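In what follows, chains are A, B, ... by sequence order, proteins preceding strands, each numbered from 1. Quick caveat: nothing in here was measured; it's all calculated off a predicted structure.
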There are 2 protein chains.
Amino acid sequence: MLKETYRTFFGTLNNNSRLEIIQLLRKNPYNVTQISKVLNMNQTSVSHNLARLKRCGFVTVKNNGKERIYTLNSKTIKPLMKLIDQHMDTYCKKYCC
Amino acid sequence: MLKETYRTFFGTLNNNSRLEIIQLLRKNPYNVTQISKVLNMNQTSVSHNLARLKRCGFVTVKNNGKERIYTLNSKTIKPLMKLIDQHMDTYCKKYCC
DNA sequence: AATTTATATGTTACTTATTACATATGTTAA
DNA sequence: TTAACATATGTAATAAGTAACATATAAATT
């Protein structure tokens, strides 16, 4: 696997706003306005971050009138986040944080 | 899970040097000098980056005389990297890179 | 077709992370 | 006990990423 691909992947995850969006989308799909309201982030920021998440396959998007509904990739990202939670649960209490 | 814990986790992975070290350690444990020679990185950089990897439970270390041998966490990080490779294989060709 | 609502994109000041230098510590052997 | 080897840590210039502004596009409603 290309080094740059990893960087894009982890660079995407290494951001508070995007992590908050991911955590929210773990529960349910939402549109941009909903996300920015729930997370109290401004709309342009949400759009920028969703664009990046989409570019990397973390989320997919579906049009619904003027809304755009974003869904977390349930095939790879959902199980991945679960596995990462497990790692952090076991190791990050002792070592990191 | 705490937001800061995620940041530490992904921040650790979002770095070329550390990713190269991880990729190397997926094959075998190595000491600091070996790592810096194989990857053509200066020793202080390798030590700094190993310190961070250790702090987050990505690697463990074992003393062997004056050497210190670093091993990748095979319980969580090895399978995690595999899962990430799979995601990138499926989605990042189309979307990211 | 003009207005409103929803979302996306371009750009830049600012914040954060990285790298590499100098140097310190720790271990072994002469 | 000092020289040599192995690794770790403090610090700062530089590089990279972020957030927020202004603005553009796109769909629906009047």
Side-chain angles (χ1 to χ4, degrees), chain A residues 3-25 28-56 58-72 95-97, chain B residues 3-25 28-56 58-72 95-97:
Chain A
K3 197 160 57 170
E4 271 318 297
T5 312
Y6 278 117
R7 287 306 303 285
T8 310
F9 185 87
F10 293 120
T12 300
L13 288 166
N14 185 37
N15 175 278
N16 279 340
S17 305
R18 288 190 288 273
L19 281 169
E20 285 181 32
I21 292 172
I22 288 173
Q23 295 298 56
L24 182 63
L25 297 182
N28 265 307
Y30 292 103
N31 70 35
V32 177
T33 305
Q34 289 172 324
I35 294 169
S36 63
K37 274 187 186 154
V38 173
L39 300 180
N40 195 31
M41 294 170 53
N42 82 50
Q43 177 268 312
T44 61
S45 193
V46 171
S47 281
H48 270 295
N49 285 314
L50 284 170
R52 171 119 192 216
L53 288 168
K54 184 159 159 281
R55 207 157 38 87
C56 234
F58 288 80
V59 300
T60 52
V61 63
K62 199 178 64 178
N63 284 25
N64 181 246
K66 19 182 185 178
E67 299 173 22
R68 311 198 79 204
I69 298 168
Y70 284 85
T71 305
L72 194 65
Y95 297 102
C96 308
C97 324
Chain B
K3 199 161 54 172
E4 270 318 297
T5 311
Y6 279 116
R7 288 304 304 283
T8 311
F9 186 86
F10 293 120
T12 300
L13 287 166
N14 185 37
N15 175 278
N16 279 339
S17 306
R18 288 190 287 274
L19 280 169
E20 285 181 30
I21 292 172
I22 287 172
Q23 295 298 55
L24 182 64
L25 297 183
N28 264 308
Y30 291 103
N31 70 36
V32 177
T33 305
Q34 289 172 323
I35 294 169
S36 62
K37 275 189 184 152
V38 172
L39 299 181
N40 194 32
M41 293 171 55
N42 83 49
Q43 176 267 313
T44 62
S45 193
V46 172
S47 281
H48 270 296
N49 285 315
L50 284 170
R52 171 118 192 218
L53 288 169
K54 185 159 160 280
R55 207 157 38 86
C56 235
F58 287 80
V59 300
T60 51
V61 62
K62 200 177 64 177
N63 286 25
N64 181 245
K66 15 182 187 179
E67 298 172 22
R68 312 199 78 202
I69 297 168
Y70 284 86
T71 305
L72 193 66
Y95 296 103
C96 305
C97 322

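Using a 4.0 Å cut-off, some side-chain N or O of B/Tyr70 falls inside it from OP1 or OP2 of D/dA8. Distances shorter than 4.0 Å separate none of the side-chain N or O atoms of A/Thr44 from OP1 or OP2 on D/dA22. At least one side-chain nitrogen or oxygen of B/Arg52 sits closer than 4.0 Å to the OP1 or OP2 atom of C/dT18. The side chain of A/Ser45 contributes no N or O atom lying less than 4.0 Å from OP1 or OP2 of D/dT18. OP1 or OP2 of C/dA6 has not a single side-chain nitrogen or oxygen of A/Arg68 nearer than 4.0 Å. Between B/Ser47 and D/dT7 there is no side-chain N or O to OP1 or OP2 distance below 4.0 Å. Between A/Arg18 and D/dT18 there is a side-chain N or O to OP1 or OP2 distance below 4.0 Å. Dashed line: the shortest gap from a side-chain N or O of B/Asn15 to OP1 or OP2 of C/dT18 is under 4.0 Å.
The nearest whole Å value for the distance from the CD atom in B/Gln34 to the C1' atom in D/dT7 is 13 Å. In this entry the distance linking CZ of B/Phe10 with P of D/dA16 reads 23 Å, nearest Å. The nearest whole Å value for the distance from the CG atom in A/Leu53 to the C1' atom in C/dA8 is 15 Å. Straight-line distance from the CD1 atom of A/Ile69 to the C1' atom of C/dT5: 15 Å, rounded to whole Å. Atom-to-atom, CD of B/Glu67 to P of C/dA29 comes out at 12 Å; the value is rounded to the nearest Å. In this structure, A/Asn63 atom CG and D/dA26 atom P are separated by 12 Å, rounded to whole Å. The separation between A/Leu19 atom CG and D/dA19 atom P is 11 Å, rounded to whole Å. Rounded to whole Å, the distance from CD1 on B/Ile21 to C1' on D/dA8 is 14 Å.
Looking at B/Gln43, its side chain has no donor and acceptor atom pair within 3.5 Å of the base of D/dA6.
Positionally, the nearest nucleotide of DNA chain C for A/Val46 lies more toward the 5' end than for the other of A/Arg7 and A/Val46. Heavy-atom distances to DNA chain C give each of B/His48 and A/Asn14 a nearest nucleotide, and the one nearer the 5′ end belongs to A/Asn14.
Between the B/Glu67 side chain and the B/Asn64 main chain, no donor and acceptor come within less than 3.5 Å of each other.
Looking at A/Leu19, A/Leu72, A/Leu39 one by one, the single match for side chain to side chain contact (heavy atoms under 4.5 Å, CB included) with A/Leu24 turns out to be A/Leu39.
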message = For a side chain to side chain contact (heavy atoms under 4.5 Å, CB included) check, start with the C-alpha distance between A/Gln34 and A/Lys37, then their side-chain angles and the critical distance, and finish with the verdict.
response = CA-CA 5 Å; A/Gln34 289 172 324; A/Lys37 274 187 186 154; 5.9 Å; no

request  = In sequence, state the C-alpha distance, the side-chain angles, and the governing distance for A/Asn14 and B/Arg7, and then conclude on side chain to side chain contact (heavy atoms under 4.5 Å, CB included).
outcome  = CA-CA 6 Å; A/Asn14 185 37; B/Arg7 288 304 304 283; 3.0 Å; yes

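Nearest to the side-chain atoms of B/Ser17 among the listed nucleotides D/dA19, C/dA6, C/dT19 stands C/dT19.
A/Asn16 comes within 4.0 angstrom of no nucleic acid atom, judged by non-hydrogen atoms across all strands.
Judged by distance alone, the side chains of B/Asn63 and B/Arg68 do bring a donor and an acceptor atom under 3.5 Å apart.
Between B/Leu25 and B/Thr71, the closest side-chain pair of non-hydrogen atoms is not below 4.5 Å.
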